[in-house]
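Single-structure report; data block below.
In what follows, chains are A, B, ... by sequence order, proteins preceding strands, each numbered from 1.
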There are 2 protein chains.
Amino acid sequence: MPERVSYRATRAGIVQIATRLSVSPSTVSRALRPETAHLVRADRRKEILDLAERLHFSPNPGARMLRKGVNASLTVVVPFDENIFFSEFYGRFLSGTLHAAAARGWDVHICTLRRQPGSDLREALQHLSLDTSGLIYLAEPLSPADVQHLSGYRRPLVLTKSVLPPGVPVKEIGVPVVGVDNLSGAQTAASLLLQLGHVRIGLLLGPSGSRDAQERKKGYLDVLDRVGARPRPEWIIEGSFSAETGRAGAAALLATADRPTALCCASDEIAFGAINAARAAGLRCPEDVSVMGFDDGPWAAACWPALTTVRQPLADVAERAVSFVVEAANHPGSSITSPSSDLSAALVIRDSTRALGSPR
Amino acid sequence: MPERVSYRATRAGIVQIATRLSVSPSTVSRALRPETAHLVRADRRKEILDLAERLHFSPNPGARMLRKGVNASLTVVVPFDENIFFSEFYGRFLSGTLHAAAARGWDVHICTLRRQPGSDLREALQHLSLDTSGLIYLAEPLSPADVQHLSGYRRPLVLTKSVLPPGVPVKEIGVPVVGVDNLSGAQTAASLLLQLGHVRIGLLLGPSGSRDAQERKKGYLDVLDRVGARPRPEWIIEGSFSAETGRAGAAALLATADRPTALCCASDEIAFGAINAARAAGLRCPEDVSVMGFDDGPWAAACWPALTTVRQPLADVAERAVSFVVEAANHPGSSITSPSSDLSAALVIRDSTRALGSPR
DNA sequence: AGAGTAAATGACAACGTTTGCAGTGCAATC
DNA sequence: GATTGCACTGCAAACGTTGTCATTTACTCT
């Protein structure tokens with residue numbers, strides 16, 4: 001049977017406390033905040049704190065915000081998508097943001113942004129709750145004009161590189177951009193495969209509209225071209241950053257007689273799908289085919305075989321984004337050094353890759 | 001080279017707009033909000049909206065909050081843990097919360113709660129940002145006294161059943177509790193295995209301190225006991241809700257000659273670990289051993305073999321929690337029917353289970 | 001043209017907290 | 001004993017927006 005609960009309409013405020021103790025609201029205000037607490041006589045302060053505790057007093061945030069002009073909070077804008085945490089990217093980034101913010105005593109808002117199919121992004125932005133001191137944006141891709149518009153809100157704004165369309169130079173955006181050095185990460189990944197003796201390498205890439213995907217593709221091909229190992233066109237497959245892309249792509253590539261001996265995947269999810277497809281085709285990983293991922297999410301070490309992959313330092317990226325927003329908000333008007341260089345992505349070698357032709 | 005950016009210290013307010021157009025602030029306020037926009041003459045309204053747009057005006061949230069008394073936002077309290085999104089539970093719940101909140105125009109804050117090893121929960125709660133109209137709590141386990149304290153803040157509060165210690169009756173908490181019917185979900189799961197002919201069943205469970213784990217354990221054993229198929233004690237293994245628990249547990253159980261023919265796991269992650277361990281031991285799933293999960297996260301369908309599992313309707317649970325908070329906040333003082341019954345968890349049959357002794 | 005009505009606008013008082021300033025007392029100093 | 005200094009407290013004015021109420025303006029109808 002449903003029970004019923006109700007909540008007092010009015011909560012205790014600073015004046016209620018003041019009148020009940022017959023002191024002025026000023027005194028209560030001073031006693032309640034650590035910075036000014038020394039101004040109040042000790043016994044009186046104790047009295048006030050006790051009553052506040054008993055009444056579960058918490059200061060009206062609106063009033064405080066109005067008076068002080070700032071609020072220690074930032075908004076993270078994520079895409080409106082049922083399964084955003086399926087991809088580990090958002091979860092890991094968000095987790096990093098939470099930590100970085102908590103360390104500074106900041107509050108984190110999350111806001112979903114849905115771009116209606118035919119409509120303007122501007123319209124979608126209307127619904128953004130802008131009651132925070134800064135924005136970290138990792139939702140829908142943004143054109144330079146969109147960025148222009150967003151930065152017009154005059155709040156500290158940080159973008160993740162992933163939201164910029166491929167080809168737009170980061171420097172010219174005029175807004176801090178945080179991101180990972182996909183290019184050298186991908187180069188390292190491809191280099192390892194070459195070093196292990198693989199030359200017949202298939203590429204399972206992300207969507208062509210994604211900057212991350214493009215940068216990684218370029219990194220892979222840079223290295224492979226240099227040694228004349230560019231994959232034949234039908235071995236270069238693009239799709240979403242999902243296990244399904246890996247499954248379908250690997251299934252197609254591994255069905256032929258002269259199949260690739262290694263698969264270089266643009267995300268861990270794709271790699272997982274590829275490993276499963278290989279297994280379904282009766283091939284073992286890494287004995288029959290090596291698989292390389294990209295991201296190093298929590299599953300990479302927990303799956304089987306443990307995935308060789310490129311570590312995206314997303315927590316560090318988030319830390320950098322939060323740090324900028326907090327700095328900028330704390331020093332309004334003054335100019336802040338914006339983070340501009342990418343964080344490097346290191347190779348993590350585990351069990352899903354093996355030297356070509358090496359014994360079991 | 002690092003570039004530098006800066007932000008205007010003061011943002012345009014409603015009075016700036018008013019004076020520049022030589023109208024009163026009241027008119028601007030009315031023109032700016034859809035509900036009252038019809039009160040101002042069309043041409044003037046357009047003038048105002050245009051200028052506001054040009055100035056990137058957005059109303060001071062503090063002032064608005066102070067004036068209106070409410071703010072359409074709620075806080076989700078999650079544990080302070082580097083890898084919270086590794087477990088799919090939080091990601092899926094949060095995603096559901098975001099949707100439910102967005103549908104109502106509400107804003108979502110996220111707050112991490114870290115209980116210092118020896119210290120009181122009260123202390124940790126001090127750092128909670130309470131500037132929202134409601135709380136959805138899914139962090140550290142709460143004793144009834146803790147709940148008492150939390151509800152003293154006189155804000156709408158919803159708990160997930162998982163945070164209550166096993167044995168505490170939901171009814172007596174006096175606070176709305178949302179959750180999943182673990183008991184019947186687990187019963188259905190065990191029934192399926194029996195129905196497939198399995199009687200030698202191993203149980204890979206969650207931590208004994210977790211209510212979810214205890215309820216699921218009870219559900220499994222209820223059914224197995226009824227037909228005299230209670231697993232021998234060494235086949236009942238408890239651990240964290242992680243792949244490692246599944247890996248280690250399955251490795252131990254499957255190493256013996258008279259191994260179980262089916263493994264019933266208390267979470268998808270455990271099941272994934274178990275499948276990998278089976279594979280490492282040279283056993284195939286589902287041919288040699290059936291594996292049952294619990295949760296039906298996004299990976300359940302994407303992994304290989306696709307996992308038979310119990311679907312936790314976390315999005316619905318979140319929807320229910322948000323719905324309660326919003327209702328309670330919108331009708332302060334009045335009593336709201338609190339959700340009390342669990343949402344049912346349905347079996348999803350995929351490829352990781354098979355009838356005992358069935359042909360390949 | 002004047003009365004009567006409806007539409008549009010302005011003046012003003014909240015909302016709860018913080019803070020500069022102007023007091024009070026009270027002890028210490030010359 | 002008058003004066004200075006110090007510790008503490010109260011007064012009152014912000015902060016930016018919204019809603020009530022009163023007032024002005026525009027319009028319709030005899």
| task | Assess the side chains of A/Ser24 and A/Thr27: does a donor N or O sit below 3.5 Å from an acceptor N or O? | result | yes

| With a 4.5 Å heavy-atom cut-off, do B/Leu32 and B/Phe57 have their side chains touching? | yes

| Hey, does the side-chain of A/Ser24 have a donor or acceptor N/O within less than 3.5 Å of a partner on the base of D/dC11? | no

| request: Rounded off to whole Å, could you give me the CD1-to-C1' distance for the B/Ile17 and D/dT17 pair? | output: 12 Å

| query | So, is B/Thr27 close to the C/dA8 phosphate, meaning a side-chain N or O under 4.0 Å from OP1 or OP2? | reply | no

| query | Roughly, in whole Å, what's the span from CE in A/Met65 to C1' in D/dT17? | reply | 13 Å

| Spacing between A/His38 atom NE2 and D/dA7 atom C1', to the nearest angstrom | 10 Å

| said: Distance check, rounded to the nearest 0.5 Å: A/His56 atom NE2 versus B/Ser151 atom OG? | reply: 7.5 Å

| message | Name the residue from A/Arg45, A/Lys46, A/Arg41 that meets the side-chain hydrogen bond (donor to acceptor under 3.5 Å, both in side chains) definition with A/Asp43. | response | A/Arg41

| query | Given atom CD of A/Gln16 and atom P of C/dC15, what is their separation to the nearest angstrom? | reply | 10 Å

| query | Contact class for B/Arg33 (heavy atom, under 4.0 Å): base, sugar-phosphate, or nothing? | reply | sugar-phosphate

| query | Can you find a side chain N or O atom of A/Arg64 that sits less than 4.0 Å from OP1 or OP2 on C/dG16? | reply | no

| task | Select from B/Ser26 and B/Asn60 the residue whose nearest nucleotide in DNA chain D is closer to the 5' end of that strand. | result | B/Asn60

| query | Can you tell which of B/Thr19, B/Val15, B/Ile17 makes a side chain to side chain contact (heavy atoms under 4.5 Å, CB included) with B/Pro25? | reply | B/Val15

| message | Distance check needed: D/dG19 C1' versus B/Leu32 CG, whole Å only. | response | 16 Å

| note | Looking only at C/dT17, D/dT9, C/dG10, the nucleotide nearest the A/Ala63 side chain is C/dT17

| task | Check if the side chain of B/Arg30 and the base of D/dG19 share a donor-acceptor pair of N or O atoms closer than 3.5 Å. | result | no

| field | Spacing of B/Lys68 atom NZ relative to C/dA14 atom C1', expressed in whole Å | value | 15 Å

| Euclidean distance, atom CZ of residue B/Arg44 to atom P of C/dA8 [Å, nearest integer] | 11 Å

| Tell me: CG of A/Leu39 to P of D/dG10, nearest whole Å? | 13 Å

| For the side chain of B/Ile14, counting heavy atoms from C-beta on, which of C/dG16, D/dT17, D/dG19 is nearest? | D/dT17

